[in-house]
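Quick notes on the structure that follows.
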Amino acid sequence: MAPSEPNAPRFVQQGEVPEFAEERPGWGGYIEWERYPEKKKKAAEILAKYDFPVPPEYQLAPLPETNPMLEGVRWKYYHYAMGPTLKDLPDISWKYVKEEKSPDMLHVLQFPYNGEPPRVGARTCRTEITDNKDFFVRNHGGIPEIDEDAYFIELEGLVNNPQKLTLKDLKDESKFKRMSTTVTLQCSGTRRLEQIREYPGDGDELINAPWSEGAIGTARWTGVSLKKVIKYCGGLKDGATDVEFFGADSYFKKGQIYNYAVSVPVRKMKLNEVILAWEMNGKPLPKIHGYPLRVVVPGYIGARSCKWLTRINVISGPSMAPVQMKEYLYYTPQIGKQNATYSNGFSIQTMPVASAIMTPIDHDQIIHDGKIKLTGWAYSGSGWPERVEISGDGGSIWYEVPFDQMSRKYYHAWRVWEYELPVDAEGWLEFCVRTWDSSMNTQPTYVRSAWNWDLHVTSSCHRIKIYSINKSRPATAKRLKLLEEKGLSILPITRPLAIELETDEEWLEVWRKKQGREPTE
Ligand SMILES: Nc1nc2c(c(=O)[nH]1)N[C@H]1C(S)=C(S)[C@@H](COP(=O)(O)O)O[C@H]1N2
Ligand SMILES: [Mo]
């Protein structure tokens, strides 16, 4: 597959549909929909004219081994159908992936871009801060290209003194105290692959990005507290309960177009916990992560941390936008395509305790001398990881990861860890990890304990299968030595051995000692 060139022709030619103009100079790719119901209606009429290709089946069928894994043809076509202003967004998005991300990212969906870092060399778990180039990306649409000089946010709704604030205003330390804090962002789709494998479902993120364990990362964010900004705008009016954020990107759902929008309760903001950030790890926000300004909501599902922020609207009741109201829902296993509604799930906010083993990798075959080194992460949205436990036998015997092998504690960040697990047994073993947070919350035991039709929040103990070859055992040491002498490898363990397992004499000697196959009387 040539990712930048969809394999079907662009069926909408320039000039066929009215141009949906960009809202402002210096704001490339930003089309305002939410303020113009007529324009939204027009777009929906155009979308209704086409049959868009359905996403390929990959939940009940194997995932493609390509990178990008999935292309997102349907979402590209939505953009082509909207005419000249949107048709190039898929290509622009891919250009930023190449400019801003590590070349070996795992592209789970090419457009809208969704990608997570590879595990190679346990790169993402070596330090608690994730390199900007390796930080996962979860987009619902294209990437707007906004000039910092043309940039401002509008703050409106139930505040006493609505304002427009430029980035210069926000960076003016005589107006706003600057803050920096280390926060983990986790997409609630993290580890979805385990649910897909065992219990394929719908997945409200439309394209069901098949995330592994990498849709989580930690950065030091610099900006201002939303609480201070709201105070600057005269504080809240009576009846204010939620703060709604709008992004500059366009987002399609069920034949309608929207700007990305979400909300958080006022209470979350009052706890001084919501940041408007322009810096990520000491550098300006990358375009793909929301340049020039994004929201960072610690402890909550990543979806609330709105990128390319255009507007903050203080409202009464949560946002009615689809991402808030119709997506990121948590259902019981009794709910599925046959009976799901928006109201019989609940909206995911604070993330539960979760963890993952990043190395070794599922199905690795490991030659070791009685110990295997594991690395991984542990996170809790409502506290911090206090204890990480590892089991080498599927969860009967647990070992505690020593505290000095875990990265430092933060209120709102993961801890990365490493541990040398004592492993005597050989053959296929199931390793698993579970974390206890500061409130002694821990993880469900199996995917089966807590799966969700919507394929969100896979927080059960993370399990991998490992083939153990323990060379501290004499028989194994002898076999390995023999193979080495013959220039052969034991790996992969699925390839038949090309040599005899023992001599006939050796066999006869043992069988004599065992009194043969049958008793003599
Ligand atoms: N404007 C906008 N903000 C957004 C999104 C988006 O598509 N558009 N995706 C959300 C989701 S679901 C997640 S998990 C985080 C991911 O942040 P990152 O891409 O910077 O890692 O951004 C959130 N903010
Ligand atoms: Mo997400």
Side-chain angles (χ1 to χ4, degrees), residues 27 29-34 72 75 89 93 96-97 100-101 105 107-109 111-117 124 130-144 146 153 183-192 203-209 211 214-219 221 244-253 258-264 274-281 285-312 319 321-324 327-329 347-349 351 381 454-458:
W27 289 62
Y30 166 42
I31 298 163
E32 172 62 42
W33 303 102
E34 302 308 318
W75 283 269
L89 293 185
S93 161
Y96 283 116
V97 173
E100 298 189 329
K101 292 284 125 182
M105 287 290 276
H107 312 299
V108 294
L109 181 72
F111 186 76
Y113 185 68
N114 284 240
E116 64 181 289
T124 37
T130 315
D131 196 290
N132 289 356
K133 280 173 118 52
D134 285 339
F135 206 99
F136 82 97
V137 177
R138 196 282 182 253
N139 287 344
H140 289 70
I143 297 167
I146 306 170
I153 52 166
V183 175
T184 293
L185 286 187
Q186 182 184 12
C187 182
S188 65
T190 319
R191 293 180 48 207
R192 168 173 292 155
D204 72 13
E205 294 191 13
L206 297 172
I207 55 283
N208 315 347
W211 297 112
I216 180 167
T218 301
W221 308 94
E244 189 175 35
F245 308 116
F246 290 86
D249 46 339
S250 297
Y251 163 59
F252 296 83
K253 189 178 175 80
Y258 304 87
N259 293 113
Y260 188 88
V262 285
S263 68
V264 298
V274 177
I275 312 155
L276 305 183
W278 58 78
E279 244 177 58
M280 181 175 182
N281 292 328
L285 275 178
K287 298 267 191 312
I288 210 165
H289 288 294
Y291 178 87
L293 191 75
R294 78 174 299 167
V295 182
V296 175
V297 185
Y300 273 21
I301 172 180
R304 310 295 174 236
S305 294
C306 184
K307 306 193 268 190
W308 312 290
L309 186 64
T310 59
R311 180 152 64 107
I312 299 174
S319 170
V323 176
Q324 189 72 27
E327 300 188 6
Y328 299 101
L329 299 175
S347 179
I348 305 162
Q349 295 281 49
M351 292 304 282
D454 224 9
L455 301 174
H456 284 289
V457 192
T458 316

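One-based numbering, in listed order, for ligands and for the atoms of each.
Of the N or O atoms in Phe135, none lie within a sub-3.5 Å distance of an N or O in ligand 1. Considering backbone and side-chain N/O of Ser305, one or more are found under 3.5 Å from N/O of ligand 1. Between Asn139 and ligand 1, a contact under 3.5 Å exists for no N or O pair.
Looking at Ala248, Pro144, Gly302 and measuring to atom 23 (C) of ligand 1, the nearest heavy atom belongs to Gly302. Of the listed options Asp249, Thr190, Leu185, Asp249 places a heavy atom closest to atom 8 (N) of ligand 1. Considering each of Lys307, His289, Met280, the one bringing a non-hydrogen atom nearest atom 19 (O) of ligand 1 is Lys307.
Ion pairing between Glu327 and Lys253 holds under the 4.0 Å rule for side-chain N and carboxylate O.
With ligand atoms numbered from 1 in the order given, ligand 1 contributes 1 (N), 2 (C), 8 (N) to contacts under 4.0 Å with heavy atoms of Trp308. Under a 4.0 Å criterion applied to the non-hydrogen atoms of Cys306, ligand 1 contributes the atoms 1 (N), 3 (N), 24 (N). Each of the atoms 5 (C), 6 (C), 7 (O), 9 (N), 12 (S) of ligand 1 lies under 4.0 Å from some heavy atom of His140. Below 4.0 Å from some heavy atom of Tyr328 lie the following atoms of ligand 1, by number and element: 12 (S). Near Cys187, meaning under 4.0 Å from any of its heavy atoms, are these atoms of ligand 1: 14 (S).
With a heavy-atom cut-off of 4.0 Å, Gln186 does not touch ligand 1 at all. At a 4.0 Å heavy-atom cut-off, ligand 1 touches Ala303 through backbone and side chain alike.
Relative ring orientation between Tyr251 and Tyr258 is described as tilted, the plane-to-plane angle lying within the 30° to 60° band. Using a 30° and 60° split on the angle between ring planes, His140 and Tyr260 fall in the tilted class, from 30° to 60°. Ring-plane geometry between Trp211 and Phe136 is classed as perpendicular, the angle between the planes exceeding 60 degrees on a 0 to 90 degree scale with a lower cut at 30.
In this structure Asp134 satisfies the side-chain hydrogen bond (donor to acceptor under 3.5 Å, both in side chains) test together with Ser102, Arg123, sequence neighbours excluded. Annotation: side-chain hydrogen bond (donor to acceptor under 3.5 Å, both in side chains) contacts of Thr458 (sequence neighbours excluded): Gln195.
Using a 3.5 Å distance cut-off with no hydrogens or angles, the side chains of His107 and Tyr113 do pair a donor with an acceptor.
Residue Met351 comes nearest to Ser188 through the heavy atom pair CE-CA, 3.8 Å, listed as atom of the first residue, atom of the second, then distance. Across Ser347 and Arg304, no two heavy atoms sit closer than the pair OG-NH2, 3.4 Å.
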